[in-house]
> 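Quick one: the structure is below, questions incoming.
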Amino acid sequence: MPEVMTARTDPEGGRSRRQPPSALPKTYDPAQVEERVYALWERGGYFRPRADGAKEKSRRPFTIIMPPPNLTGELHLGHALVVALEDALTRWHRMLGDDTLWLPGVDHAAIAVNAIVERQLADEGRTRHDVGREAFLARVWDFVNRSRSRIAEQHRRLGASADWTREAFTMDPGPQRAVRQTFKRLYDDGLIYRGERLINWDPEGQTALSDLEVDYREVAGHFWYVRYPLLDAEGGQTQEFVTIATTRPETIPADTAVAVNPADERYRSLIGRRVLVPTSDRPVAVIADAAVSMKAGSGALKVTPAHDPLDFEIGERHGLEILNIMNPDATLNERAGAYAGLDRFEARDRVVADLEAKGLIEKVEPYTHAVGHSQRSGAIVEPMISLQWFVSAKPLAQPAIAAVRDGRIRFVPDRFARTYLQWMDNIRDWCISRQIWWGHRIPVWYCDACAGLTVAVQDPTACDHCGDAHIRQDEDTLDTWFSSGLWPHSTLGWPDDSDDLRRYYPTQVMETAYDIIFFWVARMIMLSMYNMRGVPPFETVYLHGLVRAQDGHKMSKSLGNVIDPLKVIDRYGTDALRFTLVTGPAPGNDMRLTDERLEGSRNFANKLWNGARFVLGELEAGERAAAPVDVRARPLEDRWILSRLARLTRTVQQLLDDFQLGEAGRQIHDFLWSEFFDWYVEASKPRLRRGDRSPLPVLVYVLDRSLRLLHPFMPFVTEEIWQRLRRHLQNPRARALIAASYPSKRNVQPALDDEAERAFAVLQNTVRAIRQVRAEKKVEPGRWVPAYVIDRGGDGSLAERSTVIEVLARARPLHIVSAREEAPSEGVVAQVLAGAEVVLPLGGLVDAEQERARLQKEVNDAQGYLQRVEAKLGNDQFRRKAPADVVAREERRRDEIAGRLAGLRERMADLP
RNA sequence: GGGCGAUUAGCUCAGCUGGCCAGAGCGCCCGGUUCACAUCCGGGAGGUCGCAGGUUCAAGUCCUGCAUCGCCCACCA
């Protein structure tokens with residue numbers, strides 16, 4: 001019974017093909033494809049670098065540095081873009097035969113991770129000090145390791161062709177040694193120092209921040225004009241005041257001077273006199289300093305060296321007392337007198353209220369100004385005097401600047417080199433100590449006995465200076481970017497002179513977003529050159545833009561417009577996401593990810609799937625197609641598509657060499673869809689339908705090469721299809737597409753065939769013209785109509801391919817003639833092309849007046865164009881100065897358009 | 001206050017070193033169940049390439065200025 005039900009009869013009664021084992025499933029299901037293909041890659045061991053254990057000298061190393069996904073949260077689209085670009089580059093190089101290596105890693109985002117764990121503790125009613133350092137770090141590691149395995153899974157879903165389990169991680173023990181070594185070298189060279197400086201303090205994370213970790217945001221605030229009572233020579237109060245504008249009245253108790261510009265006429269007489277700090281009745285001097293702006297505020301400045309960067313500098317110049325009135329949590333301390341214990345913002349209100357009560361507030365103005373926020377905790381940053389470790393940046397910057405100036409390091413797009421140089425030229429010392437627990441601990445030990453410092457790579461047991469054993473390690477940890485800055489060499493085994501280091505340093509490409517140039521790229525260049533005897537860490541810095549949400553805003557959790565890449569993958573497939581991301585923006589430009597584009601990419605994958613299904617369906621089980629060899633003798637469409645493929649291959653090669661991945665992807669897309677599938681596959685059908693199997697080698701060959709070209713952009717679908725196609729290749733060599741060779745102009749045959757391309761273009765135009773007439777005259781799409789093609793001065797290639805034209809244009813019988821007289825001229829609709837005319841006898845459908853109007857419009861257009869071309873050719877400046885091929889092209893254009901114009905006029909004359 | 005980017009069809013964007021009668025996808029209009037694909041096929045409409053000057057035989061592409069939007073850097077209280 002079931003046998004009877006499933007038995008199929010062939011309606012045409014012809015040959016009934018059995019489904020070969022290589023047939024693709026009818027529908028394209030990305031999820032299934034991804035799962036199957038990934039398993040195949042893993043089984044084949046393709047992700048292990050140097051899986052074969054070979055490091056042949058003949059293979060060029062290609063190493064790419066992978067920017068870190070953030071350990072604090074979910075994978076975001078920016079990182080998906082990173083993976084898409086890096087993996088595309090890596091797969092391409094692997095297919096070129098290079099020895100590829102990723103240096104993928106994780107940004108330990110230490111401040112944020114510490115904050116998360118602190119918050120966990122807070123929920124339990126505890127602080128890190130309650131649980132102690134050991135237990136705290138254990139909890140952090142627990143959190144981090146879970147994040148790491150989640151990231152590994154996400155990379156897998158993205159199709160990342162790197163073995164994530166091998167990833168180097170700046171917090172792992174290997175890099176730890178590199179970190180200490182670097183610190184010690186810098187210290188010994190006098191490039192690291194410890195000092196009391198004004199730093200950016202994050203009261204929430206309770207740590208210092210570097211300048212870069214502070215984001216300035218406009219905040220609506222107030223300008224308070226405060227009267228500072230002026231004292232007379234004996235220290236007695238006068239009725240005079242100096243009015244000072246401030247946005248932060250809570251810092252008034254920390255004032256240790258009032259400063260004015262020496263050139264300021266208004267205040268010149270006050271210089272050297274004294275005023276009272278209005279909150280505390282403490283006398284301070286009025287000093288003159290050129291740094292004071294005469295335009296800002298009232299022109300007089302309260303000097304608060306402990307809580308303002310400019311004031312700190314003024315204080316240094318004048319030897320002012322530094323009065324720090326704040327605790328680490330931004331409450332005021334006992335030096336703030338009556339305000340001790342208050343939070344800084346409460347204190348602000350209280351100070352204002354008290355001054356108002358004393359009548360010392362002259363006026364209040366609303367004022368919007370930029371306020372620093374901690375990038376990682378979001379808290380308002382408090383400038384504060386503090387004892388911290390610093391790196392002297394200038395000496396490190398010099399070679400790093402030179403490396404970019406003289407081109408040893410190249411930026412793509414190159415405009416970012418200027419951004420980099422501008423920052424580097426004005427670089428300031430880098431505060432590297434952080435008061436958080438999870439991070440590389442500063443390798444400095446203090447001696448209880450002699451107060452000496454011991455800086456060491458291995459944990460020391462005694463003081464370097466006095467030998468006393470009572471030494472304590474510095475409590476602080478290092479800035480995340482200090483260890484990340486060592487990435488290009490620390491992950492390869494430095495400070496050991498390892499094989500990896502020798503082979504893979506310097507790396508070829510550093511790929512990242514442009515917003516991280518200063519944080520990371522600049523630091524890597526500086527520190528790597530310092531450690532690696534002046535050898536820059538990479539050749540090319542390839543920068544991509546930011547991924548924005550559909551609404552064009554930067555994606556952020558607080559805006560609630562974050563898109564989860566995994567959800568996108570579930571919906572459209574990894575290939576669609578990757579193709580969309582890579583072909584989206586030009587390098588360095590931001591992109592917007594929209595559903596429309598994702599859909600388009602998914603449709604492309606589906607199109608490829610179905611096109612491949614057609615090719616595979618035409619093949620018999622076990623049949624192997626050789627690459628087409630007898631190309632010159634082949635029909636026009638074969639020569640055409642092979643030439644187009646060769647041209648595409650060259651273009652793609654050039655674009656990829658130039659890091660224009662998006663354009664390369666687009667070119668492959670266009671070739672496959674609008675040339676191979678829309679034209680070649682359709683043109684091959686007439687032959688196939690009549691049992692002529694000669695198109696198969698071409699179909700197989702072009703599909704094979706296209707899959708190879710596309711693989712870096714859409715790894716899963718291409719691999720899945722290629723696995724089936726492989727069984728029909730004569731000599732597939734590789735077992736998987738991921739390991740197959742990338743097409744190049746050397747291995748794609750034959751070479752370009754301009755003549756075939758030109759001739760086929762005429763054929764295409766002919767078909768289009770017939771279709772156009774049919775559509776315009778509303779001929780039922782299924783109906784065959786007779787047609788004439790007048791092939792003016794053709795080489796016979798049209799006549800030779802008349803069946804192709806017939807089928808594509810659904811025109812039959814099709815008469816290809818060489819003179820107008822051989823075609824009817826009444827009751828026809830005609831299209832005049834450059835090299836041919838198309839004539840459709842449509843009898844009753846033809847309206848002479850309409851035809852006249854249509855032809856007249858075309859005549860007008862053609863005339864206008866001809867005039868422009870003739871004007872250009874008539875200009876002897878043009879003939880003298882333009883390159884010969886441009887002139888020749890214009891002449892050809894003129895001849896074509898003139899011929900067409902003549903044809904159009906004749907057509908009009910034929911109308912009744 | 002410096003610096004950078006964007007401004008091209010209704011929308012989102014390509015257009016590299018100047019040669020284009022300006023491209024794609026989506027959307028829109030007309031028409032299609034042809035045995036790879038309706039996640040598709042055929043046809044079509046739609047653009048003073050932000051504005052104003054300039055260089056050039058030739059400018060969306062180079063230069064200058066301006067406008068709008070966005071980003072980065074900067075100690076102006």
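Proteins get letters first, then strands, A, B, ... in listed order; numbering begins at 1 in each. Predicted model, so just to flag it, every value in this text is computed and none were measured.
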> For B/U39, does either OP1 or OP2 sit under 4.0 Å from a side-chain N or O belonging to A/Trp673?
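Answer no for this pair, as no side-chain N or O of A/Trp673 is under 4.0 Å from OP1 or OP2.
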
> When the P atoms of B/G1 and B/C26 are compared, how many Å lie between them, rounded to an integer?
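So the two P atoms sit 46 Å from each other.
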
> Sort and list the pairs that fulfil side chain to side chain donor-acceptor pair (under 3.5 Å) and have at least one residue in residues 413-423 of chain A, not counting sequence neighbours.
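Residue pairs with at least one partner in residues 413-423 of chain A: A/Arg415-A/Asn589.
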
> Can you sort out the partners of A/Pro30 under side-chain contact (heavy atoms from CB on, under 4.5 Å), two or more places apart, ordered by chain and number?
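So A/Pro30 forms a side-chain contact (heavy atoms from CB on, under 4.5 Å) with A/Tyr28, A/Glu34.
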
> Where does RNA chain B form stems of at least three consecutive Watson-Crick or G-U wobble pairs, each pair having both distances below 3.5 Å?
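Stem list for RNA chain B: B:1-7 with B:67-73, B:10-13 with B:23-26, B:28-32 with B:40-44, B:50-54 with B:62-66.
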
> Under the ring pair (Phe, Tyr, Trp, His ring centres under 6.0 Å) test, which residues partner A/His369, sequence neighbours left out?
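Partners of A/His369 by the ring pair (Phe, Tyr, Trp, His ring centres under 6.0 Å) criterion, ordered by chain and then number, come out as A/Tyr367.
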
> What residues from residues 569-577 of chain A pass a heavy-atom cutoff of under 4.0 Å to RNA chain B?
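Result for residues 569-577 of chain A: none.
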
> Using the C1' atom in both, what is the distance from B/G25 to B/C69, to the nearest Å?
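Nearest-Å result for B/G25 against B/C69 at atom C1': 24 Å.
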
> Who pairs with A/Trp201 by ring pair (Phe, Tyr, Trp, His ring centres under 6.0 Å), at least two apart in sequence or on another chain?
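Here no residue qualifies.
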
> Pairs under 3.5 angstrom, nitrogen or oxygen only, protein versus nucleotides 46-49 of chain B, please.
none

> Using a cutoff of under 3.5 Å, can you pull out all pairs of nitrogen or oxygen atoms linking the protein to nucleotides 18-22 of chain B, with atom names and distances?
| residue | atom | partner | partner atom | Å |
| --- | --- | --- | --- | --- |
| B/G19 | O2' | A/Arg889 | NH2 | 3.0 |

> At under 4.0 Å between heavy atoms, what does A/Ser293 touch on the DNA or RNA strands: base, sugar-phosphate, or nothing?
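Base: the residue A/Ser293, judged by heavy atoms under 4.0 Å, touches a nucleobase.
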
> What N/O pairs connect the protein and nucleotides 1-7 of chain B at under 3.5 Å? Give each pair on its own line.
| residue | atom | partner | partner atom | Å |
| --- | --- | --- | --- | --- |
| B/G3 | O2' | A/Gln422 | OE1 | 3.4 |

> Who are the ring pair (Phe, Tyr, Trp, His ring centres under 6.0 Å) partners of A/Trp673, not counting sequence neighbours?
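For A/Trp673, the residues satisfying ring pair (Phe, Tyr, Trp, His ring centres under 6.0 Å) (neighbours in sequence not counted) are A/His669.
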
> Within the sub-3.5 Å range, which N or O atoms of nucleotides 23-34 of chain B have a protein N or O partner, and how far apart are they?
| residue | atom | partner | partner atom | Å |
| --- | --- | --- | --- | --- |
| B/C30 | O2' | A/Lys778 | NZ | 3.0 |

> Determine: side-chain N/O of A/Arg592 to OP1/OP2 of B/C13, distance under 4.0 Å, yes or no.
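The answer is yes; a side-chain N or O of A/Arg592 sits under 4.0 Å from OP1 or OP2.
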
> Who passes ring pair (Phe, Tyr, Trp, His ring centres under 6.0 Å) against A/Tyr228, sequence neighbours left out?
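Ring pair (Phe, Tyr, Trp, His ring centres under 6.0 Å) check on A/Tyr228 returns nothing, list empty.
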
